[in-house]
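Here's the structure, in structure tokens; my notes come after.
Here is the naming used below: chain letters follow the sequence lines, and residue numbers restart at 1 for every chain.
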Amino acid sequence: SSLFVFDHKLTMKTCGTTTTLFCLEKLFQIVEQELSWAFRTTQGGKYKPFKVFYSRRCFLFPCKQAAIHQNWADEVDYLNKFFDNGKSYSVGRNDKSNHWNLYVTETDRSTPKGKEYIEDDDETFEVLMTELDPECASKFVCGPEASTTALVEPNEDKGHNLGYQMTKNTRLDEIYVNSAQDSDLSFHHDAFAFTPCGYSSNMILAEKYYYTLHVTPEKGWSYASFESNIPVFDISQGKQDNLDVLLHILNVFQPREFSMTFFTKNYQNQSFQKLLSINESLPDYIKLDKIVYDLDDYHLFYMKLQKKI
Amino acid sequence: TVTIKELTNHNYIDHELSATLDSTDAFEGPEKLLEIWFFPHKKSITTEKTLRNIGMDRWIEILKLVKCEVLSMKKTKELDAFLLSE
């Protein structure tokens, strides 16, 4: 799981049976008390920040989730207690295992803009993979019979050391061409290998862009996720786009199924246009769903694919 | 690519949690993803303090409600990246 805190926004991504939405009340209380940020509206005491996104794919074991997280409708009800301008979407096939849910609030254009009003040219790319190739998944296991072996010095932090080595072994630090050492862009890395298995990493490019990976390699419910806010086409000066990024990730995990989402404010975004015609670039996979949403100030691309038998 | 130096330049690391964390019972990979934009841009913030002025103890308190703990954290000029348990 990961948390990214910027001056003006935060992103929290948590797996397992975490109770993500239960932080909302405390978070807004702290923001109000410690930063003097007043987002509570007079009517009904709800909050009106600039924008809120909450999303997740369908769970593998929904019954094991705590309280409100067992079903999407309850999560939406809970979110609506905090925000009064939210919309809920169920994207993709509405069956047990093939959809993705999104809750998004209307952009609050009345938010104080300050002297210099600039809006982030935001884009987010997410790939959610299930049924990983067993050999690929085994690279994220560090138990006694694992393929990952590491010499760890006494007193060193084993989880972080092994996380670093898993990153190097799987070349997950080479997803973006400009994260190469000879680039002018800074690159920070923090990874952790869980015992007996599992992996999480945060990587930061150019001080303000991140990508994060989380892997649950266990046979029977293997899963890996990738999320990035890196404007890859711009930052690589046209050498790379999100299709290249996707192909790199698929090569590492070789999932039987995966879905991807891409949010951008700009419909002409190179990666967005490339993803729209992605089919021929993935000969090993067949398309299950391909959907484009025009959401307020964002365009959303969703696609679900399955490996050919 | 990342260098070995990255192992030693954490701004925060919980060595005790790192040494004792056990993922044996992990079963649900799919994540819940929450993103809150308080302002459209950092330059839109009208007060002196920002989210990055919230202390580690407060984030620990917030994450406790989520059932997560902080394993480590790295700060850059523009963001704080927390790696969490779970």
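In terms of non-hydrogen atom pairs under 4.5 Å with chain A, the most contact-rich of B/Leu65, B/Asn9, B/Ile36 is B/Ile36. Considering only heavy-atom pairs separated by less than 4.5 Å from chain A, the leading option among B/Leu63, B/Thr24, B/Ile4 is B/Ile4. Put simply, of B/Lys32, B/Arg58, B/Lys74, the one with the most heavy-atom pairs under 4.5 Å next to chain A is B/Lys32. Among the candidates B/Leu71, B/Val70, B/Asn53, the residue making the largest number of heavy-atom pairs closer than 4.5 Å to chain A is B/Leu71. Your options are B/Arg52, B/Lys75, B/Lys64, B/Met73, and the one with the most heavy-atom pairs under 4.5 Å with chain A is B/Arg52.
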Donor-acceptor pairs are to be reported for all side-chain atoms of residues 23-32 of chain A against protein atoms at under 3.5 Å, with residues two or more places apart or in another chain.
unit_1: A/Lys26; atom_1: NZ; unit_2: A/Gln29; atom_2: OE1; d: 3.4
unit_1: A/Lys26; atom_1: NZ; unit_2: B/Glu61; atom_2: OE2; d: 3.1

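If you check the side chains of A/Thr17 and B/Glu28, you find no donor sitting under 3.5 Å from an acceptor. At a cut-off of 3.5 Å, with distance as the only test, no side-chain donor of A/His8 or B/Thr50 sits close to an acceptor on the other residue. Looking at A/Thr11 and B/Glu35, their side chains do bring a donor and an acceptor atom within 3.5 Å of each other.
Both the backbone and the side chain of A/Leu10 come within less than 4.5 Å of a heavy atom of chain B. No part of A/Ala206 comes within reach of chain B, as not one of its non-hydrogen atoms sits under 4.5 angstrom from that chain. For A/Phe53, the parts sitting under 4.5 Å from any heavy atom of chain B are the backbone and the side chain alike. For chain B, the nearby parts of A/Ser1 are the backbone and the side chain; heavy atoms of each come within less than 4.5 Å. Interface residue A/Glu218: only side-chain heavy atoms are found under 4.5 Å from chain B. For B/Leu7, the part lying near chain A is the side chain, with the backbone staying farther off; criterion is any non-hydrogen pair under 4.5 Å. Using a 4.5 Å cut-off between heavy atoms, A/Leu35 contacts chain B through both its backbone and its side chain. Contact annotation for B/Ala19: neither backbone nor side-chain heavy atoms come within less than 4.5 Å of a heavy atom of chain A.
B/Trp59 has its side chain within reach of A/Val5: a pair of non-hydrogen atoms, C-beta onward, lies under 4.5 Å apart.
Between A/Phe59 and B/Phe27, a ring centre-to-centre spacing not shorter than 6.0 Å is recorded. The ring of B/Phe38 has its center closer than 6.0 angstrom to the ring center of A/Phe39.
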### Message
Before you tell me yes or no, could you show the steps for B/Glu31 and A/Arg56 under salt bridge (Lys or Arg N to Asp or Glu O under 4.0 Å), namely the whole-Å CA-CA distance, both residues' side-chain angles and the distance that decides it to 0.1 Å?
### Response
CA-CA 6 Å; B/Glu31 299 97 346; A/Arg56 64 166 179 84; over 6 Å; no

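Remark: B/Asp14 pairs with B/Tyr12, B/Glu16, B/Leu17 by the side chain to side chain contact (heavy atoms under 4.5 Å, CB included) rule, at least two apart or across chains.
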